[in-house]
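Following: one structure in structure tokens, then a few remarks.
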2 protein chains.
Amino acid sequence: MPGFKGQAENSVDSKGRVTVPSKMRKALNPEAEKSFTITRGFEECVHLYPMDRWREMEEEFAQLNPFNRETRHFMRTVLRWADEVSLDGQGRIKMPPRLVEFSGIDGTAFVIGSLDHIEIWDPDTFDDYLNEQPADYETVAERVMTV
Amino acid sequence: MPGFKGQAENSVDSKGRVTVPSKMRKALNPEAEKSFTITRGFEECVHLYPMDRWREMEEEFAQLNPFNRETRHFMRTVLRWADEVSLDGQGRIKMPPRLVEFSGIDGTAFVIGSLDHIEIWDPDTFDDYLNEQPADYETVAERVMTV
DNA sequence: GTCAAATTCCCCACTTTTCCCCACGCGACT
DNA sequence: AGTCGCGTGGGGAAAAGTGGGGAATTTGAC
């Protein structure tokens, strides 16, 4: 089963609904049953995990030590922003208002397929993010992909 | 069975009743039979454990060495604050007055799903907690999730 | 032991939000 | 030119959260 890839710029209507690009919907595992966990990602974006993948994440979280202060801070952040959403008949999800606000989205969402999850950005925020990067693509690639 | 996640800001009425968010109620194991153990948590919050999960915790406590001074202190703290509560027909629990006072809750409760348990905070106290955190989310995530 | 007061429990009613269904427009491919 | 798939918008039904009242049970005092 292939991972998520590609990008799209879709509208976010007044009810906070965003269409999940059809190509990404086709990459969904039937096991996920059209439902996702949506939560805060890194660098002002929102992460969308298909249910089957989220289950695995939960198991990883459950292994962490709850008596460690930083673990608690981490868990509280990931989990309190998390919410369960499902595709409606039109292939859309409803973004919780607090995640719309967090990501700075206003009318338009930039959707990126990212293997096991989908990222949702405000288009302008994503541009800024790209411009902030100190190293160019080739340099980063070399560092990341060199063992 | 999915863990608890998400957040809500629900009212605490004059009788000390708080609605457990419906999404969290749906994540309950039928085995828990709508009853919980409520007790003192860490950092001025209150913890709510579904009965089935609390049973497991009790077994873990029973493994501890009762001839160790700190073990005794730990057990006395967890257990003396603990109380059993159940959902009413509207999906609410009644918070024991001493836990309302302990957490500083006054009219509004901030409820957070945290996998195997639910956390209940005073909203202002939770804000303070967040502001006290020395490291940001990205940094903490990298430290916690890097093996 | 009895009564009064307070607390708990359970039921009903209201308001707001959420969810689900239906209908439309655009573009691409046949 | 028609059809199919995809993305977009709105309206009505259902559910979630909130507040209050009355019966039953417990607590404490006399």
Side-chain angles (χ1 to χ4, degrees), chain A residues 4-28 33-38 46 48 51 80-101 105-113 118-123, chain B residues 2 4-28 33-38 48 51 82-101 105-113 118-123:
Chain A
F4 300 116
K5 54 180 172 292
Q7 66 176 54
E9 196 165 307
N10 289 351
S11 72
V12 181
D13 67 21
S14 56
K15 295 180 178 177
R17 295 179 297 189
V18 197
T19 303
V20 175
S22 135
K23 294 199 172 177
M24 299 184 195
R25 295 202 302 263
K26 283 175 182 157
L28 277 173
E33 286 172 20
K34 298 185 179 180
S35 83
F36 299 85
T37 293
I38 190 168
V46 170
L48 194 62
M51 192 172 68
R80 83 187 176 91
W81 288 96
D83 209 337
E84 192 168 325
V85 294
S86 297
L87 290 176
D88 66 10
Q90 280 63 43
R92 295 172 293 192
I93 54 149
K94 184 196 168 290
M95 290 185 68
R98 62 182 198 271
L99 284 170
V100 173
E101 194 182 354
I105 286 178
D106 178 35
T108 311
F110 189 66
V111 184
I112 307 177
I118 295 170
E119 295 198 344
I120 306 176
W121 291 76
D122 171 66
Chain B
F4 300 116
K5 56 178 170 291
Q7 67 176 50
E9 197 165 307
N10 289 352
S11 70
V12 182
D13 65 22
S14 54
K15 298 177 181 178
R17 295 179 298 188
V18 197
T19 303
V20 175
S22 116
K23 297 207 168 172
M24 300 184 196
R25 296 202 302 264
K26 284 177 183 158
L28 276 173
E33 285 172 21
K34 299 184 179 180
S35 82
F36 300 86
T37 293
I38 190 169
L48 194 62
M51 193 172 67
D83 209 338
E84 193 168 325
V85 293
S86 296
L87 291 176
D88 67 10
Q90 278 62 43
R92 295 172 291 196
I93 54 150
K94 184 195 168 293
M95 288 187 68
R98 64 208 167 107
L99 284 171
V100 173
E101 195 182 353
I105 286 178
D106 177 34
T108 310
F110 189 66
V111 184
I112 306 178
I118 294 170
E119 296 195 345
I120 305 176
W121 291 73
D122 172 66

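Keep in mind that what you see is a predicted model, and the values were worked out from it rather than measured. Computed over heavy atoms, backbone and side chain alike; hydrogens, waters and symmetry mates excluded. We name chains A, B, ... by the order of the sequence lines, and we start the count at 1 in each one.
- Considering only the side chain of Arg17(B), dC11(C) comes nearest among dC11(C), dC20(C), dG17(D).
- Summarising the local packing, CD of Glu9(B) is surrounded by more than 12 heavy atoms from other residues, nucleotides or ligands at distances under 6.0 Å.
- Side chain of Asn10(B), nearest nucleotide from dT8(D), dT18(D), dG7(D): dT18(D).
- The closest donor-acceptor contact from the side chain of Lys23(B) to the backbone of Asp83(A) lies at 3.5 Å or more, if one exists at all.
- Phosphate contact (OP1/OP2 of dT8(D), side-chain N/O of Thr19(A), threshold under 4.0 Å): present.
- Proximity of a side-chain donor or acceptor of Asn10(A) to a complementary backbone N or O of Val18(A) within less than 3.5 Å is not detected.
- Phosphate contact (OP1/OP2 of dC19(C), side-chain N/O of Lys15(A), threshold under 4.0 Å): absent.
- Backbone-only contact: Asp13(A) has heavy atoms under 4.0 Å from sugar-phosphate atoms and none from a base.
- Shortest non-hydrogen contact noted between Met24(B) and Lys5(B) is CE-O, 3.7 Å.
- If you find the closest nucleotide of DNA chain D to Pro21(A) and to Ala8(B), the one lying nearer the 5' end belongs to Pro21(A).
- Distances shown here put every side-chain N or O of Ser22(A) at or beyond 4.0 Å from the OP1 or OP2 atom of dG5(D).
- When each of Leu99(B), Leu48(B), Thr37(B) is paired with Val85(B), the side chain to side chain contact (heavy atoms under 4.5 Å, CB included) condition holds for Leu48(B) and for no other.
- Between Ile93(A) atom CD1 and dC19(C) atom P the separation is 12 Å, expressed in whole Å.
- We find that NZ of Lys34(A) is positioned 17 Å from P of dC19(C), with the value rounded to whole Å.
- Proximity of Lys23(A) to the phosphate of dG5(D): no side-chain N or O atom is located under 4.0 Å from OP1 or OP2.
- dC10(C) atom P lies 12 Å from atom CG of Leu87(B), rounded to whole Å.
- Within 3.5 Å, a donor on the side chain of Gln90(A) pairs with an acceptor on the base of dC22(C), or the reverse.
- Positionally, the nearest nucleotide of DNA chain C for Arg92(B) lies more toward the 5' end than for the other of Arg92(B) and Lys94(A).
- Distance, Asp83(A) CG to dC19(C) C1': 13 Å, rounded to whole Å.
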